[in-house]
Amino acid sequence: MIQIRPMRREDCPAVAKLQSVCFSTPWSLKSLEDMESQPGGRNYVAVKDGVIVGYVGMLAVLDEADITNVAVEPEQRRQGIGRLLVSHLKEQAQKEEIRHIFLEVRKSNLAAIRLYEEAGFSQIAIRKNYYDKPREDALIMEHQSGM
């Protein structure tokens, strides 16, 4: 069973390790700790059998938010963990009356794009050369709540 809960400061090393296996330019431990203390930061972890297997983060300002990262352990993918994390984040955003949620995703990351589309996000723009290692465009996607 997967439990989604708020990320705690002591989770940062495990999330940093998760970042290092999921992203070509992962956030540092310090960046994760700083994000955890941001006033608009909303970070959640997916826990399975006492182990963090996924993470989602969001920065909110007024009625808008940006998803900073969604990461799931490679061995745990295709089990609905990413879907649970994004769904939980959307529920939290709705409770806080956040009307617009934005994110960037690698243009080649078809699995993530499909996940976001299924969660109600739609492409609104392309950000050229946004990613490094390798250099790649990002799709900018948005979810609008029906408030």
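Each residue takes its place number in the sequence, starting with 1.
- Residues Ser24 and Asp132 fail the side-chain proximity criterion, which asks for heavy atoms closer than 4.5 Å.
- The hydrophobic clustering, which links ILVMFWY residues whose side-chain heavy atoms are closer than 4.5 Å, places Leu59 and Leu85 apart.
- The line from CD of Glu33 to CD of Glu10 is 11.0 Å long, rounded to the nearest 0.5 Å.
- Taking each heavy atom of Ala60 and Ile98 in turn, the nearest pair found is CB-CD1, 3.6 Å.
- Of all heavy-atom pairs spanning Ile52 and Ala14, the tightest one is CD1-CB, 4.0 Å.
- Side chain of Ser20 to backbone of Lys17: a donor-acceptor contact under 3.5 angstrom is found.
- Contact between Ile4 and Ala46 at its shortest, heavy atoms only, is CD1-CB, 3.7 Å.
- Under a hydrophobic-cluster definition in which Ile, Leu, Val, Met, Phe, Trp and Tyr are linked whenever side-chain heavy atoms come within less than 4.5 Å, directly or via other members, Leu18 and Leu84 are assigned to different clusters.
- Grouping the Ile, Leu, Val, Met, Phe, Trp and Tyr side chains by contacts below 4.5 angstrom, directly or via other members, places Val15 with Met35.
- Residue Val45 is not grouped with residue Val56 when hydrophobic side chains (ILVMFWY) are merged at heavy-atom distances under 4.5 angstrom, including chains of intermediate members.
- Each of Arg127, Arg106, Lys128 was compared with Glu136 under the salt bridge (charged side-chain N to carboxylate O under 4.0 Å, His left out) criterion, and only Arg106 meets it.
- Using a 4.5 Å heavy-atom cutoff, the side chains of Val105 and Phe121 are not in contact.
- The distance from the CD atom of Gln92 to the CD atom of Gln94 is 10.5 Å, given to the nearest 0.5 Å.
- Taken from OG in Ser108 to CD1 in Ile113, the straight-line distance is 7.5 Å, to the nearest 0.5 Å.
- Applying the ring-ring contact (aromatic ring centres under 6.0 Å, His included) test to every pair with at least one member in residues 20-42, sequence neighbours left out, gives no pairs at all.
- Nearest heavy atom pair, residue Asn43 against residue Met58, reads OD1-N, 4.2 Å.
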Check residues 64-77 and write down every donor-acceptor pair under 3.5 Å in which the side-chain atom is one partner and the other belongs to a residue at least two apart or another chain.
residue : atom : partner : partner atom : Å
Thr68   : OG1  : Gly57   : O            : 3.2
Asn69   : OD1  : Gln19   : NE2          : 3.0
Gln76   : OE1  : Lys48   : NZ           : 2.9
Arg77   : NE   : Val72   : O            : 2.9
Arg77   : NH2  : Val72   : O            : 3.1

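- Hydrophobic cluster membership is shared by Leu110 and Ile81, with clusters built from Ile, Leu, Val, Met, Phe, Trp and Tyr side chains linked at under 4.5 angstrom.
- For Leu62, the CG atom sits in a loose shell: 12 or fewer heavy atoms of surrounding residues, nucleotides or ligands are nearer than 6.0 Å.
- Proximity of Ile126 to Ile140: side-chain heavy atoms (C-beta onward) are nowhere separated by under 4.5 Å.
- In this structure, Arg5 and Val47 approach most closely via the heavy-atom pair NE-CG2, 3.9 Å.
- Looking only at side-chain heavy atoms (C-beta outward), His143 and Leu103 stay at 4.5 Å or farther from each other.
- Heavy-atom neighbours of Arg135 CZ from other residues, nucleotides or ligands within 6.0 Å: above the threshold of 12.
- Taking the side chain as every heavy atom from C-beta outward, Tyr130 and Lys107 never approach each other to under 4.5 Å.
- The shortest distance between side-chain heavy atoms of Tyr131 and Asn109 does not fall below 4.5 Å.
- The side-chain heavy atoms of Gln144 and Arg99, taken from C-beta on, include no pair separated by under 4.5 Å.
- Using a 4.5 Å heavy-atom threshold, the side chains of Glu117 and Met141 count as touching.
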